[in-house]
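In what follows, chains are A, B, ... by sequence order, proteins preceding strands, each numbered from 1.
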Protein chains: 2
Amino acid sequence: MLLQNPTKKTAVTTSDKVFEQLQHAIVEGDMAAGSKISEPELAKRYEISRSTLREALNRLEKCHLIERKANIGSRVVDCTIEGLLELYITREALEGMACRQAALNMTDKEIADMQNMLAQHAGDKALQDGVAYYQEEGDVDFHYKVILGSHNQQLINLICGQLYHLVRMYRCQFGMHSPRATRAFTEHSNIIQAISERDGELAELLMRRHIAASRKNIENKIALQKAAQQSEET
Amino acid sequence: MLLQNPTKKTAVTTSDKVFEQLQHAIVEGDMAAGSKISEPELAKRYEISRSTLREALNRLEKCHLIERKANIGSRVVDCTIEGLLELYITREALEGMACRQAALNMTDKEIADMQNMLAQHAGDKALQDGVAYYQEEGDVDFHYKVILGSHNQQLINLICGQLYHLVRMYRCQFGMHSPRATRAFTEHSNIIQAISERDGELAELLMRRHIAASRKNIENKIALQKAAQQSEET
DNA sequence: TTTATATTTATTGTCGACAATTCTTGCTAA
DNA sequence: TTAGCAAGAATTGTCGACAATAAATATAAA
């Protein structure tokens, strides 16, 4: 998985390493969503002191992967449908704006790089059509490039440093390696087109629709699952 | 100042209290922006151990008031013009979306409350025209009510829990107790109108323009300051 | 049996000390 | 004089132990 936060250096301190391990464990569901976290137990398991564990927990809290209450303790964040939809609405706002700023602020070279990337994806796509690869890495790469292209540190930190951990968590736990590959590819193309024409307004609009489409796709999926469950129960 | 984060309980633990004190110190400039933080010194000054100080520092980092580098230390965040503009762009995206959601999700009672609040502000405004009061508390109250009205926990946490500390810091340090009172009041009225008509699209548009107007107001102010400085130097 | 209270247990918050790393100072050599 | 290196000082990271708070259990009263 190459989809690491591009703004972050490699871990140096031990609490950094533990943070990364815990992050993976939570995102991939090895630590159950909503479960309570026992500091003594975790510290023992990772063979570190409670202090450095708490340091790691603080970072997890920063990207909203756990929640802490004073004198009570930490819990892994819950994965609710409402939370997922809220997350996508937030993404729509932030990434939409990031896309507008990208259209204004990206260098010509950055734009060319992104166009090349898309062309390469097109080739891959022709080979093995609509498979996981594109949606998994390609999609993330595309969105990262746009976000970084905004050249707005505030937006970059919020989206890459915080929001995307949650996004990955939901994707893993709800098992949505989205089958929108083909349509998403076209949408990506149109967005890049708008950016290369320096049309911030259109770029934002397209990005927002792109994310809103994902959200609606999820809503439909959920509705179908519910219907299936209900017919199963009867 | 009643403009506390409405989602947060009163501090119980000592690191909570120190966090609040440091927060005020940073926001109001008692700790200089960009200055280095010495853990031993601060711990001594507040008469606490380094552990609980570090706990407080972690919370400050969470709302982006300080920045930490591994093995090097913490610095109070810098107050640059670019940072301020970036912040307002982010606000535009997030509060715009929050406003749209508020139009969809606020209860009739919440809307009525907000209308009453505005009517009261109108009275205050008639008495002491355009003074600090309205812009200081009234403005913050209004924005908070809209954000909470979104009923979107993700948005609420991001804006109230993180962004607004920085906003207050910039307002203090750059001394902008904005003189846009009258215009802002009208804009607020229009936004509430759109919300009460459940017109999410218009509500978002108006909120974005409202914040963008603030940003442009700041840009002008800065440009004037620069011009004044230059003519002074000659 | 159920509710309320008291006691015990476990967990989190706080502390001071040591280890690892970075910064500073002073020295040596070109 | 300046550049680079080495020893020392200071700062941050990590550790284990104790104190304060919350949860669990047992006991007593209604």
- [ ] Respond yes when some side-chain nitrogen or oxygen of B:T14 is under 4.0 Å from OP1 or OP2 of C:dT14, and no when none is.
- [x] yes
TODO: Report yes if a side-chain nitrogen or oxygen of B:R50 is closer than 4.0 Å to either non-bridging phosphate oxygen (OP1 or OP2) of C:dG16; otherwise report no.
DONE: no
Open item on the list: Distance alone, cut at 3.5 Å: any donor-acceptor contact between the side chains of A:Q101 and A:H151?
Closed with: no
TODO: Please report, rounded to the nearest Å, how far the P atom of C:dT11 is from the CZ atom of A:R75.
DONE: 14 Å
Task: Nearest-angstrom distance from the residue atom CZ of B:R68 to P of C:dT22 - done: 15 Å
Task: Which residue lies more 5' along DNA chain D, comparing A:E47 with A:I72 via nearest heavy atoms - done: A:E47
Task: Short side-chain N/O contact from A:S49 to OP1 or OP2 of D:dC15, under 4.0 Å - done: yes
TODO: Answer with base, sugar-phosphate or nothing: what part of the nucleic acid does B:T13 contact at a heavy-atom distance below 4.0 Å?
DONE: sugar-phosphate
Task: Whole angstrom value for the distance that separates P of D:dT12 from CD1 of B:I66 - done: 11 Å
Task: Whole-Å gap separating C1' (D:dG16) and CG (A:L53) - done: 15 Å
Task: Under 4.0 angstrom between B:S15 side-chain N/O and C:dG13 OP1 or OP2 - done: no
Task: A:R54 side chain near C:dT12 phosphate (N/O to OP1/OP2, under 4.0 Å) - done: no
- [ ] Give the rounded distance in Å between these two atoms: CD of A:E55 and P of D:dG16.
- [x] 17 Å
Task: Sub-4.5 Å side-chain heavy-atom contact between B:R75 and B:K69 - done: no
Open item on the list: Check the phosphate of D:dT12 against B:K36, side-chain N and O only, distance under 4.0 Å to OP1 or OP2. Yes or no?
Closed with: yes
Open item on the list: Classify A:I37 by what it touches in the nucleic acid, base, sugar-phosphate, or nothing, heavy-atom distance under 4.0 Å.
Closed with: sugar-phosphate
TODO: Check the distance between D:dT11's P and B:L57's CG and give it to me in whole angstrom.
DONE: 15 Å
Open item on the list: How many whole angstroms separate atom CG of B:D16 from atom C1' of C:dT12?
Closed with: 13 Å
Open item on the list: I want to check something: taking the side chain as every heavy atom from C-beta on, are B:Q23 and B:R59 in contact at a cut-off of under 4.5 Å?
Closed with: no
Open item on the list: Is the shortest side-chain heavy-atom distance between A:M97 and B:T90 below 4.5 Å?
Closed with: no
- [ ] Could you check whether B:T52 gets within reach of a base, just the sugar-phosphate, or nothing at all, counting any heavy atom under 4.0 Å?
- [x] sugar-phosphate
Task: Residues, nucleotides or ligands: over 12 heavy atoms within 6.0 Å of A:K44 NZ - done: no
TODO: Please determine, for the side chain of A:I48, which listed nucleotide (C:dC15, D:dC15, D:dG13) has the closest atom?
DONE: D:dC15
Task: Spacing between B:K44 atom NZ and C:dC15 atom C1', to the nearest angstrom - done: 16 Å
TODO: Would you indicate which nucleotide in C:dT12, C:dT22, C:dG16 comes nearest to any side-chain atom of B:N71?
DONE: C:dT22
